[in-house]
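Input: a single structure, listed below in structure tokens.
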Amino acid sequence: MRIKKRATDYTPEMLPQNRKEVFFDVLKLHFWDMIKLGLVMLLFSLPLHLAAIGEDIITGSIYAQIQGATPELQQGGYITILAVKILRAAVSTLLTPVFAVGLAGILRVVRQYGWGENVFLATDFVKGVRQNWKQIAGLQFLLGLIYTLSLLAQQLADLSTGAVAWLLHIPMAVFMLVLLPVAGYAAAGIPVYSTGLFSHFGAGLQIYIKKLFPTLLGVLCTMMIYLPLLIPNLYVHIFGRIIASLLTPIALLGWCLFCYNQQDKFINPNQYPELIGKGTISAMEIE
């Protein structure tokens with residue numbers, strides 16, 4: 001077997017200079033491992049997908065039945081649709097522990113890739129589940145509960161008029177624009193810091209306040225993989241959910257690296273200086 005040699009020796013200067021370079025370096029070297037993690041994500045998110053698809057089928061059938069119906073029947077149909085949406089959100093909340101198992105393991109693997117550490121997919125996945133499952137499950141359950149209540153308010157807003165309708169839209173806006181980004185910071189911090197869940201929330205809120213617009217842009221970029229779900233078509237939703245699950249580890253890698261940059265600015269200098277720039281050449285220079 002012939003050994004092919006590089007034209008030049010590998011030097012430390014070839015390491016990623018920043019976390020943007022880390023992202024593309026990981027994709028270049030470990031793309032198919034990320035897809036494998038995507039398959040794992042698809043497996044653990046399957047119950048959530050089935051619940052969502054069930055909602056699509058039921059609500060689609062109701063919409064078809066009330067087309068051209070009397071106002072009274074349409075009103076009853078809309079109330080039934082509201083009930084189906086709330087039921088699906090509640091069921092999804094109860095299913096979050098299953099999803100949390102997969103997410104906890106993948107976040108550990110993503111952290112290792114982001115830090116330039118050795119990765120053993122099965123070993124690191126299991127270790128991530130063991131170390132972080134409870135906090136991730138608690139975070140997911142809390143998000144699911146608040147989302148269900150916000151969705152209820154939003155659906156009631158569609159049946160209301162005037163100022164009441166506007167007020168009922170506020171909980172969902174707060175959920176999407178504040179709670180979701182802060183929870184995103186918390187999720188990225190759980191595999192990094194050995195602190196409680198509310199400490200992760202506090203740190204996330206601190207960063208969110210100081211980096212409001214970059215955070216919202218980062219969330220928007222991360223959520224781009226779910227754009228097909230905005231298209232009102234059952235088959236597009238099914239295909240979109242499969243693709244989104246496969247791409248979730250890549251999206252998480254980008255989001256976590258973004259979070260690590262913010263942690264380097266607002267958390268690590270005073271509390272964890274050894275984590276500053278971890279995974280880039282700057283960390284090696286500090287060492």
Side-chain angles (χ1 to χ4, degrees), residues 35 37-103 106 137 139-160 165 168-169 171-177 179-180 183-184 219-252:
I35 296 300
L37 289 175
L39 290 171
V40 174
M41 190 81 269
L42 177 61
L43 175 64
F44 281 96
S45 58
L46 190 59
L48 297 177
H49 292 327
L50 292 176
I53 293 169
E55 178 199 333
D56 285 344
I57 294 173
I58 295 172
T59 56
S61 175
I62 296 173
Y63 276 122
Q65 291 175 15
I66 64 176
Q67 291 298 317
T70 63
E72 292 78 11
L73 288 176
Q74 287 186 348
Q75 184 76 0
Y78 291 138
I79 293 175
T80 303
I81 289 172
L82 183 153
V84 171
K85 289 180 177 292
I86 299 304
L87 178 61
R88 176 254 169 150
V91 169
S92 295
T93 300
L94 295 177
L95 292 172
T96 52
V98 178
F99 177 76
V101 171
L103 183 59
I106 289 173
L139 176 64
Q140 292 288 317
F141 183 82
L142 181 62
L143 280 179
L145 181 61
I146 297 175
Y147 174 77
T148 301
L149 296 175
S150 301
L151 182 63
L152 175 60
Q154 185 182 52
Q155 295 299 310
L156 290 175
D158 294 338
L159 300 175
S160 305
L168 288 173
H169 280 294
M172 184 59 76
V174 172
F175 176 85
M176 297 298 295
L177 297 177
L179 184 58
L180 191 61
V219 171
L220 181 62
C221 292
T222 304
M223 301 296 288
M224 290 288 284
I225 60 175
Y226 299 104
L227 278 179
L229 302 186
L230 299 178
I231 300 173
N233 182 279
L234 175 62
Y235 298 104
V236 173
H237 283 189
I238 294 173
F239 182 75
R241 288 182 177 281
I242 294 172
I243 297 301
S245 293
L246 294 177
L247 296 180
T248 291
I250 297 176
L252 284 176

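Keep in mind the model is a prediction, meaning the values are calculated, not measured.
Atom CG in Leu48 sits 8.0 Å away from atom CZ in Arg88 (nearest 0.5 Å). Residue Asp56 holds its CG atom at 8.0 Å from CD1 of Ile238, rounded to the nearest 0.5 Å. With values rounded to the nearest 0.5 angstrom, Ile231 atom CD1 is found 11.0 Å from Phe239 atom CZ. For the atom pair NE2 (His49) and CZ (Phe44), the distance works out to 13.0 Å, reported to the nearest 0.5 Å.
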Begin from the C-alpha positions of Leu103 and Leu252 and carry the test side chain to side chain contact (heavy atoms under 4.5 Å, CB included) through to its verdict. CA-CA 10 Å; Leu103 183 59; Leu252 284 176; 3.7 Å; yes
Please test Ser61 against Gln65 for side chain to side chain donor-acceptor pair (under 3.5 Å), starting from the C-alpha separation and ending with a verdict. CA-CA 6 Å; Ser61 175; Gln65 291 175 15; 3.2 Å; yes
Given side chain to side chain contact (heavy atoms under 4.5 Å, CB included), test Thr93 with Phe141 step by step and report yes or no. CA-CA 6 Å; Thr93 300; Phe141 183 82; 3.7 Å; yes
Kindly determine whether Leu177 and Val219 satisfy side chain to side chain contact (heavy atoms under 4.5 Å, CB included), including the steps that lead there. CA-CA 9 Å; Leu177 297 177; Val219 171; over 6 Å; no
Does Arg241 form a side chain to side chain contact (heavy atoms under 4.5 Å, CB included) with Tyr226? I'd like the steps, not just the answer. CA-CA 7 Å; Arg241 288 182 177 281; Tyr226 299 104; over 6 Å; no
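Counting heavy atoms from C-beta on, the side chains of Tyr78 and Gln155 never come closer than 4.5 Å. In this structure the side chain of Lys85 never reaches within 4.5 angstrom of the side chain of Leu152, judged on heavy atoms. For the pair Tyr63/Ile58, no side-chain contact is recorded, criterion being any heavy-atom separation below 4.5 Å from C-beta on. Two residues are said to be in side-chain contact when any heavy atoms from C-beta on lie closer than 4.5 Å; Ile146 and Leu179 meet this criterion. By the 4.5 Å heavy-atom criterion applied to side chains, Thr80 and Thr59 are not counted as neighbours. The shortest side-chain heavy-atom distance between Ile243 and Ile225 does not fall under the 4.5 Å cut-off. For the pair Pro232/His237, no side-chain contact is recorded, criterion being any heavy-atom separation below 4.5 Å from C-beta on. A heavy-atom distance below 4.5 Å is found between the side chains of Met41 and Ile106.
For Pro249 against Gly38, the heavy-atom pair with the smallest separation is CG-N, 3.4 Å. Nearest heavy-atom pair across Ile86 and Thr148 is CD1-O, 4.1 Å. When all heavy atoms of Ser150 and Phe175 are compared, the pair lying nearest together is OG-CB, 4.1 Å. Closest of all the heavy-atom pairs between Ala89 and Leu151 is CB-CD2, 4.0 Å. Contact detail for Leu234 and Ile57: the closest heavy-atom pair is CD2-CG1, 4.0 Å. Across all their heavy atoms, Gly240 and Pro228 have their closest contact at CA-CB, 4.0 Å.
Residues that satisfy the side chain to side chain contact (heavy atoms under 4.5 Å, CB included) test with Leu227, not counting sequence neighbours, are Met224, Leu230. Under the side chain to side chain contact (heavy atoms under 4.5 Å, CB included) criterion, Ile250 pairs with Phe23, Leu27, Phe31, Met34, Leu247, sequence neighbours left out. A search for side chain to side chain contact (heavy atoms under 4.5 Å, CB included) contacts involving Pro47 returns Leu95, Val98, not counting sequence neighbours.
Judged purely by atom type and a 3.5 angstrom limit, His169 has no side-chain atom pairing as donor or acceptor with the backbone of Ala157.
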